[in-house]
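Read the structure below first, then the notes.
Indexing begins at 1, ligand by ligand and atom by atom, following the structure's order. The structure displayed is predicted, hence computed values, not measured ones.
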Amino acid sequence: MEKTRAFTLAGRMLKNLFRKPATTQYPFEPADYPERMRGHVRIEIKDCISCGLCMRSCPSGAIAVDRKAGTWTIDRFDCVQCGSCVSACPKKCLFIEKGYTEPDSIKRSETFTKPEE
Ligand code: SF4
Ligand code: SF4
């Protein structure tokens with residue numbers, strides 16, 4: 001019994017010696033995110049009609065829409081990547097993309113302005 005176990009262990013060790021590592025050298029190598037990862041929200045601002053539905057559907061109050069100024073603002077540190085804004089947008093100009101928000105020592109928001117027509 002003990003001998004069989006030792007052989008199994010040795011076999012596993014040998015196999016693992018020639019296997020590609022399961023881990024990556026992040027941050028020295030770029031992270032390989034899964035295709036359907038909920039990383040961050042992206043807006044295609046030129047298609048936005050400033051209806052504010054995304055803002056109203058956001059459970060954490062991370063979005064602010066200013067119809068007069070034509071701006072769309074997101075506080076990425078308040079966003080929980082739930083995707084509710086993406087589902088609510090009638091113009092389909094919001095997307096959840098892979099890749100995390102860059103870490104920062106200051107909580108700041110990001111504003112996008114609709115281009116002049
Ligand atoms: S993904 Fe969720 S939390 Fe983030 S902005 Fe959209 S609705 Fe708000
Ligand atoms: S729901 Fe879509 S179209 Fe409406 S304000 Fe938000 S991003 Fe713009």
Interfacing atoms of ligand 1 (cut-off 4.0 Å, heavy-atom, V80): 3 (S), 4 (Fe)

Contacting atoms of ligand 1, where contact means under 4.0 angstrom from a heavy atom of V41: 1 (S)

Min side-chain heavy-atom separation M37-Y100 under 4.5 Å: yes

Contact check, side chains of F112 and T71, non-hydrogen atoms, under 4.5 Å: no

Pairs touching residues 63-72 that satisfy salt bridge (charged side-chain N to carboxylate O under 4.0 Å, His left out), sequence neighbours left out: none

Closest protein heavy atom to atom 2 (Fe) of ligand 1, given as residue, atom name and distance to 0.1 Å: C82 SG, 2.3 Å

Heavy atom of the protein closest to atom 4 (Fe) of ligand 1 (residue, atom name, distance): C79 SG, 2.3 Å

Residue pair S50 / V65: nearest heavy atoms and the distance that separates them: CA-CG1, 3.8 Å

Residues in side-chain hydrogen bond (donor to acceptor under 3.5 Å, both in side chains) contact with K98, at least two apart in sequence or another chain: E35

Set of residues satisfying salt bridge (Lys or Arg N to Asp or Glu O under 4.0 Å) with respect to R42, sequence neighbours excluded: E44, E97

Within-shell test, P90 vs ligand 2, heavy atom, strictly < 4.0 Å: yes

Within-2.8 Å protein N/O/S contacts of atom 6 (Fe) of ligand 2: C54 SG

Any N, O or S atom of C58 closer than 2.8 Å to atom 2 (Fe) of ligand 1: no

Over 12 non-hydrogen atoms of neighbours within 6.0 angstrom of CZ in F95: yes

Residues, nucleotides or ligands: over 12 heavy atoms within 6.0 Å of D104 CG: yes

